[in-house]
Protein chains: 2
Amino acid sequence: METHPPLPRPNDREVDEGAYAQVRALIASGELAAGSWLREKILAERIGVSRTPIREALNRLSAEGMVEISRNKGAQVVSFTPDDVAGLYDVRAGFEPHAALLAVPLLGDEDVDRLAELAAAMEDVVRSGELDALSALNSAFHGLFVDRCGNRHFATALQTLMRPAVVAHTFRKYSPEALNRSMLHHAELVAAARARDGEWAEAIMRTHILAARNAAGARHDQP
Amino acid sequence: METHPPLPRPNDREVDEGAYAQVRALIASGELAAGSWLREKILAERIGVSRTPIREALNRLSAEGMVEISRNKGAQVVSFTPDDVAGLYDVRAGFEPHAALLAVPLLGDEDVDRLAELAAAMEDVVRSGELDALSALNSAFHGLFVDRCGNRHFATALQTLMRPAVVAHTFRKYSPEALNRSMLHHAELVAAARARDGEWAEAIMRTHILAARNAAGARHDQP
DNA sequence: ATCCGCTTTATTGCATACAAAACGTTAGAT
DNA sequence: ATCTAACGTTTTGTATGCAATAAAGCGGAT
């Protein structure tokens with residue numbers, strides 16, 4: 001079986017060396033749980049840098065919606081109420097399909113290949129059971145549609161909507177059945193992309209996100 | 001005629017004291033034009049603080065899309081191509097009417113009153129001809145719909161879309177006729193809000209943004 | 001005259017030191 | 001025993017100094 005070599009590179013400019021990337025990874029891995037405090041000194045010692053780059057990382061993460069900073073009190077990982085998560089999926093269901101519609105006709109062959117790679121990698125990860133690794137791959141998968149939609153501003157707006165999903169660890173709540181269905185959606189998105197059929201991609205993307213909203217137990221009318 | 005006392009407070013948490021707010025104001029006023037470099041030392045001396053808070057301000061502005069930072073080279077005010085501006089309006093035309101639809105039924109009487117205040121203040125400003133002051137008021141006006149839409153994530157995503165509009169100084173390109181029409185749209189938005197008619201607000205908001213796209217000369221098919 | 005390489009200079013990136021604010025604790029009074 | 005006030009600790013906010021990187025200027029060779 002072949003391997004998928006340089007995969008988990010979520011975005012080009014985010015060199016994994018920076019303090020920002022490392023703090024972000026701590027949050028994404030769940031090591032720093034929602035609501036927990038991010039003390040500058042502790043993070044600085046852990047990462048091995050001074051407080052200055054840590055502060056920059058926290059400010060950036062705050063602007064991206066992954067941590068919350070209160071003046072003179074420090075930063076903590078954002079914690080979402082079920083309604084927050086539901087709202088997140090509502091917006092994504094409204095706009096990500098449109099991004100897919102716009103992006104698919106613009107995709108190059110290498111983009112489609114990468115989507116297929118990512119989908120395959122996600123299936124591998126599901127088989128191995130390492131659900132936390134899914135978030136990064138899933139972000140990359142969805143991010144590719146978003147990045148290629150042909151509108152910088154649309155892309156950045158959608159990216160700020162996708163980041164919080166990483167800290168919510170939604171995949172942990174999926175049933176095996178829902179997880180499988182999600183993987184099938186990915187495969188179908190790859191097929192729609194390969195066919196350069198934007199409308200097909202739009203439809204399956206909407207399906208995918210609404211199914212995800214249910215799988216994450218994030219319906220508004222639930223207790 | 002009555003005055004509108006404490007108005008130009010764009011957002012509660014942005015105390016006008018911070019270095020961030022002052023740099024932002026320099027950009028919004030056009031004193032720092034698009035493309036110009038933001039040298040930390042110069043800004044520090046001008047604002048009267050050290051480089052540290054300046055750096056934090058620049059990082060935040062970068063995350064918000066108003067400046068661009070290249071490593072070891074510094075920050076400059078973002079400059080938009082006409083297509084960028086057009087794309088911005090495209091996205092806003094998709095997002096903001098939906099925000100208005102969601103927000104209007106949730107507005108309190110004090111929100112509607114504030115919208116009316118802001119609309120009146122904008123008309124005053126237009127009569128006085130100080131177009132640069134319009135940006136802040138307009139941001140506050142649109143931001144109120146966004147902030148009250150009942151969906152945190154939607155709100156933050158939209159805010160990142162509205163900030164770049166400030167640096168584009170679009171109002172300068174408006175014809176007197178387009179400026180008047182824009183003011184009428186604001187008045188009608190206030191009326192729709194006062195009637196708590198979300199669909200009316202949605203429709204006029206879409207009209208307002210598409211008209212703005214034309215007034216700013218930001219159609220895709222133009223040279 | 002032009003191009004290449006070196007030196008100089010300006011600017012950012014990071015670390016450290018200090019100041020200010022918030023929090024927890026303890027001692028005292030009622 | 002409880003509430004209050006003041007102290008000490010912890011943590012953040014700011015200033016400053018130094019190192020690293022990139023741009024600019026300059027001299028020499030072709």
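Chain naming here is simple, since letters A, B, ... match the order of the sequence lines and numbering starts at 1 in each.
With rounding to whole Å, N59(A) atom CG is found 14 Å from dC14(C) atom P. In this structure, K41(B) places its NZ atom 12 Å from C1' of dT9(C), rounding to the nearest Å. The separation between Q22(B) atom CD and dT14(D) atom P is 12 Å, rounded to whole Å. Taking atom CD1 of I69(A) as the reference point, atom P of dA21(C) lies 19 Å away to the nearest angstrom. Across the protein-nucleic acid pair, L38(A) atom CG and dG13(D) atom P stand 13 Å apart, rounded to whole Å. For the pair W37(A) CH2 and dT12(D) P, the interatomic distance rounds to 9 Å; values are reported in whole Å. Following rounding to the nearest Å, I54(A) (CD1) and dT11(D) (P) show an atom-to-atom distance of 15 Å. Between the CG atom of L58(B) and the C1' atom of dT11(C) there is a distance of 13 Å, given to the nearest Å.
By the 4.0 Å N-to-carboxylate-O rule, R51(A) lies too far from E45(A) to be salt-bridged with it.
Side-chain contact check for L38(A) versus Q76(A): every heavy-atom pair is 4.5 Å or farther apart. Residues L115(B) and L189(B) fail the side-chain proximity criterion, which asks for heavy atoms closer than 4.5 Å.
The side chain of K73(A) has dA22(C) as its nearest neighbour among dT14(D), dA15(C), dA22(C). Relative to the side chain of V49(B), the nucleotides dG13(D), dA15(C), dA15(D) differ in distance, and dA15(D) lies closest. Minimum atom distance to the side chain of R51(A) is reached by dG13(D), of the listed dT16(C), dA15(D), dG13(D). The side chain of P53(A) approaches dA15(C) more closely than any other nucleotide in the set dA15(C), dA22(D), dT14(D).
As judged by a 4.0 angstrom heavy-atom cut-off over every strand, R71(A) is placed among residues touching the sugar-phosphate backbone only. Using a 4.0 Å heavy-atom distance criterion, R39(B) is classed as a sugar-phosphate-only contact.
Across A201(A) and V104(A), no two heavy atoms sit closer than the pair CB-CG2, 3.5 Å.
The phosphate of dA15(D) (OP1 or OP2) has a side-chain N or O of S50(B) nearer than 4.0 angstrom. Taking 4.0 angstrom as the limit, R55(A) places none of its side-chain polar atoms (N or O) nearer than this to OP1 or OP2 of dT12(D).
Looking at E64(A) and Y20(A), their side chains do bring a donor and an acceptor atom within 3.5 Å of each other.
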